[in-house]
Amino acid sequence: MAQAELAKAYRPADVEGAIYEKWLAADVFAPDGAGSRADPSRAPFVIIQPPPNVTGSLHVGHAQRTAVEDLMIRHARMQGRPALFLPGLDHASIAAQVVLDGILAKEGESRATLGRERYLERMNEFVERTRGLILVQQRRVGASADWSRLRFTMDEGSAKAVRHAFVRLYRDGLAYRSEALINWCPGCQTSLSDLEVVATPTTGSLWTIRYHFVDEGSGRADPDHWIAVSTTRPETILGDTGVAVHPADERYAAFVGRRVRIPFVDRDVPIVADESVDRAFGTGAVKVTPAHDATDLETGKRHGLASIDVMTDDGAINDVGGSYAGLDRFAARSRILQDLAARGDLESERAHELVLGRCQRSDDVVEPRLKTQWFVRTAPLAERALEATRSGRTRILPARFEKIWEHWLTGIRDWNVSRQLWWGHRIPAWYCPDGHVTVSELEAGPEACETCGRGAPTLRQDADIFDTWFSSGLWPFSTLGWPDQTDDLERYYPGSVMETGYDIIFFWVARMMMLGLTLLDDVPFETVYLSGLIRDPYGKKMSKTTGNVVDPLEIMDLTGADSLRFALIHGAAPGQDQRFGQAKIDNARNFANKLWNATRYVLGARPESIPAGSPRQRPDPTRLGHIERWILSRSTATVRAVDAAMAEFQFAEVTRALNDAIWTQFCDWGIELAKTRLGDQTLDPAVRDATWWTLVESLDTYLRLLHPVMPFLTEALWGSLPRAADDPDLLIVANWPVVAPDAEADDGAVDALIELVHGLRNARAEAGMDPASWLPLGIAGPEPRMSAFEQLRPALERLGRARPLVIHADHASLGASAGPGALTIIAGDVEARVSVAPDASLPGRERARLEKELAEAEGFLIAARARLSNATFIERAPAAVVEGARQREAELAEIVDRLRGRLAL
RNA sequence: GGGCGGUUAGCUCAGUUGGUUAGAGCACAUGCUUGACAUGCAUGAGGCCACUGGUUCGAGUCCAGUACCGCCCACCA
């Protein structure tokens, strides 16, 4: 493939579109694609991505997830591992219905007016439109996912997996149908899992009301004698079937066993003694409403009290409520309080802090209600999930989430998986007219009732659907063909890394773990990488209602996907939220621009002795000078740094290391130093060639290392560099850099030169010298430093604006040569003098600068000596540390000496 | 009511197992149209590492406690 020309200016839009098409055409995303260079004998790397909800568009948080996932998959791909990134979409049952219901409402339609069938048709149309947008967004971000394996949680494969999974759980006694107190959202008209109920601290009221005793003889309520109970939910009075007091409460001991009359419904109920009652709360007597409160249900069971549901599905009072029937629960509450007051039975009202459960989706106050639903028995499942993390079979990053994981899985209650919604997988349970249950994985249903043998036509399928997370929980294997024993499943299960936000650790991660272990007898993934949340620049959570949501497409239109990715990954510490704003994007864009221009420079600096289009050569090791060895040692060190960071999932460290290496080391120093070689007409052309090949070598390494972070830019730039015969056409499948065992060693000469140049520039700037002017420079220092500097003479001259440059044999000669006004620079073991005003005495500014440096050095010297004079330090600190301290002390002593000498003039 | 996290430069954040002088980006100040790049270059200023105590030869780093901010979990009316 011909080397591409680079445009003068970096324009992301021009770069990115074409490149994604190239990748697609080359078929490199699939681990077994035509363009894949993966070694099939190596262990595959599989990343598991949370399939985004099909209803929404992606926000910048999604972009970060995708960027991090893609970073990992590209890294693995370049390492030659078969790398699978399987993309997908989630049907998001309740979330989708909330969105569609909103749209329908504007059209004057609703679930009720459409009916199940037409409603689902509408949903399919809606989903068909939105799914395209999400996929486009993912591609824009650069997701190198295997689109040939795209899956959807409502597709045939998922449906089959759901049925099979449920049947397995049912047969193993891990799924059951039972009447239990569930969370009911009157707004969504469905039950919810415990996780979907948001505990919301609220200031409510605690009302104390009177229940009159029933006279045993007459059967009448005694107007003068009562027991007072306290409640926060007076409307549930209608369902009261008892009053409970603590068995040891002497105030009420005599009343236990007597009956009281429930107002309005005129039901006579017993007073029971129960340990669960807190004597100190309220009056110490509590009304018992088993159908609407978990504690009361338990109390009721213990004492044989009836459970009476007083509510309808939409949150109104039902027929049990007599004159209150049909009233909304809150309207009923007000009316009941009025009526109690009117009867003189409302004793008191006071403000009370309580925690209300609200629906995660609709914010409605959730009602505990007694319903018959399907549950998954979680205790045995959770036990296996805990075992997997405790044994280290699966590890969670950052590790602190393992504690949270432990805590949640330890106290977990059974999972209600029934939803009274339409958009989702129907529960594969059928009922015969006698109510016998038959669970079947046949799509068309069982042929007959398992219990009584009645034929299929008489059977009715359960109207409910599954909690959306039930199908999501099967994702890591349902997408690989499970329940069939496919090659994919064999090869790619369990996955390597599951990446997601910590906010769905219980909703999703825990469910995948539990179901994977139970159904496949192995963990679904080896590492859980939890990302933090993206916040706005003020630390606020991004949300549509706040209006602080950042659209990744807008950013990418403006500054490109690469800059967005770099910015997001730069702030990605595991489990740590990050504030995200324009400044970070600008910074990333500037970095991209820098790299673009550096590459342009390298291409343009090709010596004429190397023909255009020459195949890639390694720099000739016999022709390398200090500068070349230094440049190569820097990129080698960067490979090590990036490898270490990748191994520890420290992705922010990857970008930090590359930013520093490419900008500060390669551009600011490497290229500037190389210019002094490439522009040196006295050099042997073969040496100049080696310098250029060194730049190419190093740049090539950086582009490879940066590719997982900024894939488009690096692909474009790499395409313009000379390539070796064994390189592929595209960087995406090029080899990840490996540090050669014979990597060129660096002797520190260039670092010393850099330190000296820093000192020179600082001294000149402080002295108010024109930075561009050429000034005479003298230096002195030990060997072999000075011999190296002799070889580096052109570099020191150019970067230090030094002319003429005299390298003195010793410090005395240096001192004698410079005028009294010369600037002095002490850089490590090198001393330098810049002649600026040979006839003036040491000027004030120069003196001030040296005095400041002296004070600083003296401070450090005192500290160093103090440490060394401490006998226990010498005795107990490791030898290497003591030796380091000694060297440091000697260095400082010399610097202090020289500065003092200079100032004494 | 339990549990977790954060507190380092004006702002946003790094700081690996305790070890020379605590770093970066942005912002700030000063000076530069240097033949890759003004989306840039050079130089600089700016930190009792929240507080108190402890362990240690040595603490931003380990331990205990305090304060403030944030998050998660939780069926007591």
Side-chain angles (χ1 to χ4, degrees), chain A residues 6 8-10 181 194 199 206 229-233 236 244 276-278 281-283 285-289 293-298 352 354-355 357 368 398 400-401 403-404 407-408 411 413 502-503 505-506 533 537 539 559 570-571 573 575-581 583-584 586-587 589-605 644-645 648 650 652-653 656 659-660 664 667-668 671-672 675 758 761-766 768-772 798 801 856-857 859-860 863-864 867 870-878 880-882 884-885 887-889 891-892:
Chain A
L6 286 191
K8 188 164 193 308
Y10 167 51
L181 209 58
D194 294 345
L206 184 70
V229 298
S230 297
T231 183
T232 56
R233 296 197 301 157
T236 63
S276 70
V277 177
D278 176 358
F281 187 90
T283 60
V286 55
K287 63 193 232 21
V288 181
T289 323
D293 183 276
T295 314
D296 290 5
L297 181 63
E298 293 306 312
H352 179 64
L354 69 159
V355 178
R400 64 186 157 86
F401 278 95
K403 286 181 196 166
I404 297 171
H407 180 252
W408 188 75
R413 290 193 289 166
Y502 64 73
D503 53 337
I505 183 170
F506 307 136
L533 274 30
T559 44
H570 197 54
Q576 205 64 46
D577 294 355
Q578 70 163 308
R579 298 183 186 202
F580 193 75
K584 291 187 179 184
D586 288 345
N587 186 36
R589 192 265 323 264
N590 294 352
F591 173 65
N593 185 62
K594 185 75 183 175
L595 181 59
W596 180 274
N597 282 299
T599 307
R600 279 207 313 129
Y601 167 76
V602 171
L603 292 173
E648 291 168 21
Q650 300 288 341
E653 177 61 19
R656 199 207 57 72
N659 190 39
D660 181 56
T664 307
C667 293
D668 291 349
I671 287 180
E672 294 309 317
K675 282 177 183 172
H758 268 308
R761 287 170 175 172
N762 170 232
R764 293 172 53 132
E766 292 289 307
M769 297 289 107
D770 168 21
R798 175 160 168 170
R801 302 299 282 186
E856 206 174 61
F860 293 139
R867 184 164 40 248
N870 182 344
T872 33
F873 171 69
I874 308 285
E875 189 184 316
R876 300 200 189 176
V881 172
V882 176
Q887 273 177 25
R888 175 79 189 137
E889 193 251 7
E891 257 169 55
L892 285 165

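Basis for what follows: all heavy atoms, side chains included, without hydrogens, waters or symmetry-related copies. Per chain, numbering begins at 1; letters A, B, ... match sequence-line order.
Between K675(A) and rA36(B) there is a side-chain polar atom (N or O) within less than 4.0 angstrom of OP1 or OP2. Regarding contacts with the backbone of rG40(B), every side-chain N or O of N593(A) stays at 4.0 angstrom or more from both OP1 and OP2. In this model, the phosphate group of rG44(B) is approached by a side-chain N or O of N762(A) to a distance below 4.0 Å at OP1 or OP2.
Following rounding to the nearest Å, R600(A) (CZ) and rA36(B) (C1') show an atom-to-atom distance of 5 Å.
For rC76(B), the base has a donor-acceptor partner in the side chain of D278(A) [N/O atoms by modelled type, under 3.5 angstrom]. Checked by distance alone, R888(A) brings a side-chain donor or acceptor within 3.5 Å of a matching partner on the base of rU21(B). The base of rC75(B) sits within donor-acceptor range of the side chain of T295(A), with an N or O pair under 3.5 Å.
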Revision key, fill the gap. Given Watson-Crick and G-U pairs under 3.5 Å, RNA chain B in dot-bracket ([ ] crossing, | other strand) is (((((((..((((.....[...)))).(((((.......))))).....(((((..]....))))))))))))....
All N/O contacts under 3.5 Å from nucleotides 59-61 of chain B to the protein, with atom names and distances to one decimal?
none

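Taking atom C1' in both rC73(B) and rG19(B), one finds a spacing of 41 Å when rounded to whole Å. Only the C1' atoms considered, rC28(B) is 9 Å distant from rG10(B), to the nearest whole Å.
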Check your understanding: Can you give one letter per nucleotide of nucleotides 2-14 of chain B, 5' to 3': B if a protein heavy atom sits under 4.0 Å from the base, S if only from the sugar-phosphate, - if neither?
Key -> ---S------SSS
Practice item. Output, in order, the C-alpha distance, side-chain angles, deciding distance and verdict of side-chain contact (heavy atoms from CB on, under 4.5 Å) for N590(A) and K594(A). Key: CA-CA 6 Å; N590(A) 294 352; K594(A) 185 75 183 175; over 6 Å; no
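Within 4.0 Å of R413(A), counting heavy atoms only, lies at least one base atom of the nucleic acid.
In this structure, E298(A) and L181(A) have side chains that are not in contact, with every pair of non-hydrogen atoms separated by 4.5 Å or more.
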